[in-house]
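So the structure is just underneath, and the comments pick up after that.
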Amino acid sequence: MCNILPMKFLIAPDSFKGSITASEVCTVLAKVAQSRNHIAQVLPLADGGEGSLDAISSVRFFYPISTSTTDATGKHILAKSLYDQKSQTAMLELARTAGLHQIDTRLQNCTTTTTFGAGTQIKHLMALGAKQLILFVGGTATNDAGIGIAEALGFQFLDKRSKPLRPIGYNLQKVAHIIPPNLPFPKDLSIEIATDVTNPFCGPSGAACQYAAQKGASPEEITMLDRGMQHFAQILEKDYNFDKSLAGSGAAGGVAGTLVALLDARIISGAEKIFEITRFAEQLQQNDWLITGEGCTDIQTLQGKLVGRAINEAQKQKIPTALLSGSIQLSDAQALQLGASCYWPLAQSHKQIEKSIRNPKKYLRERFSEFLDSI
């Protein structure tokens with residue numbers, strides 16, 4: 001039976017990757033709720049990849065900064081970042097400068113792409129006075145171990161003949177010397193790498209072996225890239241006391257590990273940082289229900305993915321959760337462990353999966369309406 005009293009919903013989904021953004025999901029569900037005279041508060045979420053800056057901008061104002069730079073292929077772009085002058089904090093999203101989604105699928109090949117453009121963006125933000133940098137690093141098209149960023153910031157990477165190397169993944173195997181910038185970095189500079197990837201720098205679970213295939217690398221190129229990562233890690237271990245097994249150091253094709261080694265960066269949870277900046281827990285307290293979802297809810301959601309963390313926070317506050325995901329691939333026991341109050345997959349049969357991916361707004365409206373009728 002439909003509840004005639006207006007209810008307050010915090011609509012806080014992740015993106016449905018390959019189908020619809022988190023912001024778009026929020027817009028669709030908010031309209032449905034408001035058409036029933038309910039109150040909808042929207043908070044698109046992200047875990048350190050694409051959409052992180054949008055999630056932050058949706059609830060807090062930071063001054064937008066546009067930097068003239070280049071994407072992963074060297075093409076000129078304007079990349080947006082966020083800046084808070086009072087705290088001298090800058091936030092940037094590597095997917096906006098070195099993003100896989102920016103590149104035509106025919107041109108995707110992480111042996112030749114670079115994070116140099118992101119380094120140009122960082123250099124610009126430092127020139128504006130930024131003392132704290134938060135890098136959301138998911139969704140890159142690169143596997144250059146961050147040497148592109150480092151070169152833009154003044155580091156040089158030389159081969160055994162002391163000749164400069166292009167900062168691309170293919171050349172990691174050729175690096176023989178790392179020359180630091182002439183001017184040292186400010187001692188009060190703080191860099192946080194926001195990611196929920198826990199992969200080490202190299203090896204079977206490392207950056208290349210786990211992610212290079214989706215960035216256009218062939219099996220042979222993946223082997224070559226990992227060999228280069230292993231070689232580069234040895235130099236970082238010798239000269240910078242780097243630990244290649246550090247959890248998360250493989251994020252963004254090794255960007256996290258190299259910035260930890262060269263710039264004393266710190267790896268943090270992307271989801272927790274988003275929750276902190278957007279004051280997710282405080283916003284949750286003001287509502288009767290949490291409405292969340294993602295493209296596919298499966299065992300990984302139980303292992304610390306963004307949506308699982310959101311549901312966990314709602315449980316702590318004793319606020320019920322409705323999970324609207326593209327598909328839900330959990331056993332009854334796993335669903336009980338996840339702890340949502342009710343589950344509403346957009347695709348309720350195998351035949352509906354492709355249809356719901358192509359037309360997610362229709363299925364979101366239908367399932368959310370069914371949910372509202374049930375409470």
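Residues take their numbers from the sequence shown, with the count starting at 1. Since this is a predicted model, take the numbers as computed values, not measurements.
- Here the NZ atom belonging to Lys75 is positioned 9.5 Å from the CG atom belonging to Asp104, to the nearest 0.5 angstrom.
- Contact record, Ser19 with Pro360: OG-CG, 3.3 Å, taken as the closest heavy-atom pair.
- The shortest distance between side-chain heavy atoms of Asp54 and Pro44 does not fall below 4.5 Å.
- The distance from the CG atom of Leu306 to the CD1 atom of Ile311 is 10.0 Å, given to the nearest 0.5 Å.
- No donor-acceptor pair under 3.5 Å is formed between the side chain of Thr142 and the backbone N or O of Asp144.
- With hydrogens and angles ignored, the 3.5 Å screen pairs no side-chain donor or acceptor of Gln173 with any backbone N or O of Arg227.
- Side-chain contact annotation: Ser87 with Asp84, donor-acceptor N/O pair under 3.5 Å present.
- For Thr115 (side chain) and Ala118 (main-chain N/O), no donor-acceptor pair under 3.5 Å exists by modelled atom type.
- Pairing each heavy atom of Lys80 with each of Ser57, the nearest pair is NZ-OG, 4.2 Å.
- You'll find the side chain of Leu263 reaches within 4.5 Å of the side chain of Phe155, heavy atoms only.
- Using a 4.5 Å cut-off on side-chain heavy atoms (C-beta onward), Glu276 and Glu272 make no contact.
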| said: side-chain contact (heavy atoms from CB on, under 4.5 Å) for Thr195 and Ile267? Distances and angles first, verdict last. | reply: CA-CA 7 Å; Thr195 177; Ile267 297 171; 4.0 Å; yes
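- Side-chain contact between Val28 and Arg365 is present, with at least one heavy-atom pair separated by less than 4.5 Å.
- Residues Arg36 and Asp373 form a side-chain contact, since some pair of their non-hydrogen atoms from C-beta on lies under 4.5 Å apart.
- Here the closest non-hydrogen pair linking Tyr240 and Ala261 is CD2-O, 3.7 Å.
- Using modelled atom types, one finds a donor on one side chain and an acceptor on the other under 3.5 Å when comparing Glu313 with Gln317.
- Among all heavy-atom pairs drawn from Ile77 and Arg96, the shortest one is CD1-O, 3.5 Å.
- For the atom pair Glu237 CD and Phe232 CZ, the distance stands at 11.5 Å (nearest 0.5 Å).
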| field | Check against side-chain contact (heavy atoms from CB on, under 4.5 Å), Glu24 and Phe16 | value | CA-CA 10 Å; Glu24 290 170 331; Phe16 289 44; over 6 Å; no
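- No more than 12 heavy atoms of other residues, nucleotides or ligands lie within 6.0 Å of CD in Gln85, so this atom counts as exposed by the packing criterion.
- Residue Asp239 places its CG atom among more than 12 non-hydrogen atoms of other residues, nucleotides or ligands, all under 6.0 Å distant.
- There is no path of hydrophobic side-chain contacts, each under 4.5 Å, that joins Val197 to Leu225.
- In the hydrophobic clustering of ILVMFWY residues, with side-chain heavy atoms under 4.5 Å counting as a link, Leu92 and Leu153 come out together.
- Two residues are said to be in side-chain contact when any heavy atoms from C-beta on lie closer than 4.5 Å; Ile299 and Leu302 meet this criterion.
- Ring geometry, Phe242 versus Phe201: the interplanar angle exceeds 60°, so the pair is classed perpendicular (tilted spans 30 to 60°).
- Note: Ser81 OG to Ile134 CD1 = 12.0 Å, rounded to the nearest 0.5 Å.
- Between the side chain of Ser249 and the main chain of Leu246, a donor-acceptor pair closer than 3.5 Å is present.
- Under the 4.5 Å side-chain heavy-atom criterion for ILVMFWY residues, no single connected hydrophobic cluster contains both Leu45 and Leu323.
- Distance check, rounded to the nearest 0.5 Å: OG of Ser327 to CD of Gln348 gives 12.0 Å.
- Not one N or O on the side chain of Thr292 forms a donor-acceptor pair closer than 3.5 Å with the backbone of Val307.
- The only member of Thr113, Thr140, Thr111 that meets side-chain hydrogen bond (donor to acceptor under 3.5 Å, both in side chains) when paired with Lys215 is Thr140.
- Two residues are said to be in side-chain contact when any heavy atoms from C-beta on lie closer than 4.5 Å; Leu236 and Leu262 meet this criterion.
- Within 6.0 Å of atom CG in Leu183, 12 or fewer heavy atoms from other residues, nucleotides or ligands are found, so the atom counts as exposed in its surroundings.
- At a threshold of 4.5 Å between side-chain heavy atoms, the hydrophobic network of Ile, Leu, Val, Met, Phe, Trp and Tyr places Tyr211 and Ile149 in two separate groups.
- Taking the six-membered ring where the residue is Trp, Phe368 and Phe371 present parallel rings, their angle staying beneath 30° rather than reaching 60°.
- Under a 3.5 Å cut-off, the side chain of Ser325 and the backbone N or O of Glu294 do form a donor-acceptor pair.
- Note on Leu290 and Val42: separate hydrophobic clusters, where clusters join Ile, Leu, Val, Met, Phe, Trp and Tyr whose side-chain heavy atoms are under 4.5 Å apart, directly or indirectly.
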| message | side-chain contact (heavy atoms from CB on, under 4.5 Å), that's the test. Do Thr120 and His124 meet it? Break it down for me. | response | CA-CA 6 Å; Thr120 301; His124 179 215; 5.8 Å; no
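- With hydrogens and angles ignored, the 3.5 Å screen pairs a side-chain donor or acceptor of Gln210 with a backbone N or O of Pro204.
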| field | Residues Phe136, Ile274; criterion side-chain contact (heavy atoms from CB on, under 4.5 Å); working and verdict | value | CA-CA 10 Å; Phe136 296 99; Ile274 293 289; 3.9 Å; yes
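- Without hydrogens or angle criteria, Asn287 side chain to Trp289 main chain gives no donor-acceptor distance under 3.5 Å.
- Side-chain atoms of His231 come within 3.5 Å of backbone N or O of Val175 as a donor-acceptor pair.
- No side-chain heavy atom of Thr67 sits under 4.5 Å from any side-chain heavy atom of Thr97.
- Side-chain atoms of Gln132 never come within 3.5 Å of backbone atoms of Ser190 as a donor-acceptor pair (strictly under, hydrogens ignored).
- Closest non-hydrogen pair, Leu100 versus Gln214, comes out as CD2-O, 3.5 Å.
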| Asn199 vs Ser205, side chain to side chain donor-acceptor pair (under 3.5 Å): CA-CA, chis, key distance, verdict | CA-CA 6 Å; Asn199 303 78; Ser205 299; 5.6 Å; no
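- The number of heavy-atom neighbours closer than 6.0 Å to CG of Asp332, taken from other residues, nucleotides and ligands shown, is 12 or below.
- Rounding to the nearest 0.5 Å gives a distance of 10.0 Å between NE2 of His101 and CG of Asp71.
- Heavy atoms only, all atoms of each residue included: Val32 and Ser369 are closest at CG1-OG, 3.6 Å.
- His350 NE2: 12 or fewer foreign heavy atoms inside a 6.0 Å radius.
- Heavy atoms of other residues, nucleotides or ligands lying less than 6.0 angstrom from NZ of Lys305 number more than 12.
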